[in-house]
Protein chains: 2
Amino acid sequence: MPQERAPTRIQIKNRAAILEAALEVFSAHGFRGSTVDQIAAAAGLSKPNLLYYFASKETIYTALLERLLDTWLDPLRALDPGGEPLEEILAYVRRKLQMSRDLPRESRLFANEIVQGAPRIHAALSGDLKVLVDEKAEVIRDWIAAGKLAPVHPHHLIFSIWSLTQHYADFDVQVRAVLGDEDPFEAAPEFVETVFRRLLQA
Amino acid sequence: MPQERAPTRIQIKNRAAILEAALEVFSAHGFRGSTVDQIAAAAGLSKPNLLYYFASKETIYTALLERLLDTWLDPLRALDPGGEPLEEILAYVRRKLQMSRDLPRESRLFANEIVQGAPRIHAALSGDLKVLVDEKAEVIRDWIAAGKLAPVHPHHLIFSIWSLTQHYADFDVQVRAVLGDEDPFEAAPEFVETVFRRLLQA
DNA sequence: AAAGAGTTTGACCAAAAGGTCAAAGTCACG
DNA sequence: CGTGACTTTGACCTTTTGGTCAAACTCTTT
């Protein structure tokens with residue numbers, strides 16, 4: 001098994017290709033809806049070759065989820081308790097919307113997983129995620145107490161940021177079907193900014 | 001095949017049981033993630049017996065989607081152009097949130113389908129759905145023009161209502177994991193009402 | 001109570017899918 | 001340039017799964 005010692009050039013290349021292919025396939029079809037053959041084909045490898053790098057379909061999936069969870073939470077981590085409250089929130093909203101535009105597959109991967117009950121990342125949700133959210137909710141609570149933001153339930157505020165921004169990635173087909181020709185991301189930035197500005201302006 | 005003539009008592013009972021079971025299973029695992037055996041077991045029938053009522057897994061799924069699409073859009077249809085603008089929108093928001101609470105499986109069924117590109121209801125999205133949304137967006141546009149609502153992009157307003165309310169059903173596990181003991185629907189109604197009140201108050 | 005319509009099932013089938021393995025091929029390095 | 005580590009693959013295995021079918025059973029109706 002290709003572990004323990006430093007990865008070779010080929011290992012680095014192939015592992016990366018597999019994870020990229022897996023993101024493509026899993027995000028479009030979910031875990032059960034994806035086949036190892038599909039992923040192998042997308043990565044340009046044969047199935048046994050792919051299974052030489054990852055022990056199983058499950059292993060690929062969880063490796064992908066873990067690798068991406070950090071990226072996914074970075075924007076929230078960047079929320080600065082020392083910054084100007086409304087601007088900090090709006091900056092967070094903008095970063096999240098940007099991610100929906102630039103990394104829709106990642107968004108859909110998580111959406112798939114969570115809609116189906118998060119069987120494989122439940123621990124992370126009530127662990128790291130909860131800790132991070134609680135911490136930032138506390139910051140928001142303080143801002144509200146200081147009269148810097150209009151009063152709202154901090155946790156639900158965070159949920160609303162997630163739902164509004166990720167909607168553009170997760171429900172992309174629906175949004176585009178309804179909008180017709182109009183590009184969703186034309187009006188979205190101003191719209192979501194308006195939502196949170198009006199909601200939070202003290 | 002049990003078609004053409006009036007359905008028997010047994011047909012009515014079994015078809016209903018199958019659709020109920022299919023909702024339970026499909027909403028939790030998606031189309032590919034669900035097996036006919038699972039649905040049959042949940043319906044209390046043998047697999048061949050189930051396939052006596054519906055020709056295939058696909059048939060059950062699309063029957064379910066069709067049957068539910070109307071229910072799903074009813075709250076938007078009820079938006080009354082003759083009503084008081086802000087109250088009409090807030091009533092719509094309340095109805096949608098109520099549906100997330102009372103019919104989370106239906107919400108997740110659609111979420112699963114749409115996240116994966118809506119392969120089986122794409123037509124309905126750019127057909128009936130678009131027509132309905134365009135119509136109601138026009139109503140909202142008029143309300144804004146009449147100075148009854150603060151200016152916002154009508155389509156994106158509707159998206160925001162969908163995303164905020166459905167989030168509580170579709171991402172239920174995540175919401176609960178983050179909130180811990182607190183019941184999401186304790187604060188949600190007031191929160192979403194506040195969001196749209198502050199957003200739209202002229 | 002008999003006949004025919006409607007219902008149920010065990011046994012079965014073929015395809016799909018996850019995964020294994022031994023053998024062959026390629027690469028890095030002394 | 002040879003040797004051992006690393007990589008790749010064709011063939012194969014097993015389980016799962018969607019679906020079929022003929023035979024048996026039950027219900028309704030006359």
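No hydrogens, no waters, no symmetry mates; every other heavy atom, side chains included, goes into these values. In the text below, chain A, chain B and the rest are named by the order of the sequence lines, each starting its count at 1.
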Measuring to OP1 and OP2 of [N], would you say a side-chain N or O of [X] lies under 4.0 angstrom away?
| X | N | result |
| --- | --- | --- |
| A:Arg9 | D:dC6 | no |
| B:Gln11 | C:dG6 | no |
| A:Asn14 | D:dT8 | yes |
| A:Tyr53 | D:dT8 | yes |
| A:Tyr52 | D:dT8 | no |

Nearest whole Å is fine: how far is [N] [atom2] from [X] [atom1]?
| X | N | atom1 | atom2 | value |
| --- | --- | --- | --- | --- |
| A:Glu58 | C:dG19 | CD | C1' | 14 Å |
| B:Phe54 | D:dG19 | CZ | P | 13 Å |
| B:Leu50 | D:dT17 | CG | P | 15 Å |

Where along residues 36-49 of chain B does a heavy atom fall under 4.0 Å from DNA chain D?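 Within this stretch, B:Val36, B:Lys47, B:Pro48 sit under 4.0 Å of the strand.
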
What residues in residues 26-34 of chain B put a non-hydrogen atom under 4.0 Å from any atom of DNA chain D?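 Heavy-atom contacts with DNA chain D come from B:Ser34.
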
Looking at every heavy atom in both A:Asp80 and A:Glu88, which two are closest together, and how far apart are they?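 Looking at all heavy atoms of both residues, the closest pair is N-OE1, 2.9 Å.
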
Pair B:Leu109-B:Arg105, side chain to side chain contact (heavy atoms under 4.5 Å, CB included): steps then yes or no: CA-CA 6 Å; B:Leu109 184 79; B:Arg105 298 176 306 174; over 6 Å; no

Going through the distances and angles, do A:Asp134 and A:His155 end up as a side-chain hydrogen bond (donor to acceptor under 3.5 Å, both in side chains)? CA-CA 8 Å; A:Asp134 282 346; A:His155 285 95; 2.8 Å; yes

Do we get A:Arg15 above A:Phe54's six-membered ring, with its NZ or CZ under 6.0 Å from the centre and within 45° of the axis? yes

Does B:Asp170 come within less than 4.0 Å of B:Arg108, counting only side-chain N to carboxylate O?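 Salt bridge: no.
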
For B:Lys130, is there an ion pair with B:Glu135 - N to carboxylate O distance below 4.0 angstrom? no

Applying ring pair (Phe, Tyr, Trp, His ring centres under 6.0 Å), can you list everything that pairs with A:His29, at least two apart in sequence or on another chain? none

B:Leu51 near the nucleic acid: base, sugar-phosphate alone, or nothing, with a heavy-atom cut-off under 4.0 Å? base

Could you check whether atom CZ of B:Arg77 has more than 12 heavy atoms from other residues, nucleotides or ligands sitting under 6.0 Å from it?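 Check passes, neighbour count above 12.
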
Can B:Ser56 and B:Thr59 be counted as having a side-chain donor-acceptor contact under 3.5 angstrom? yes

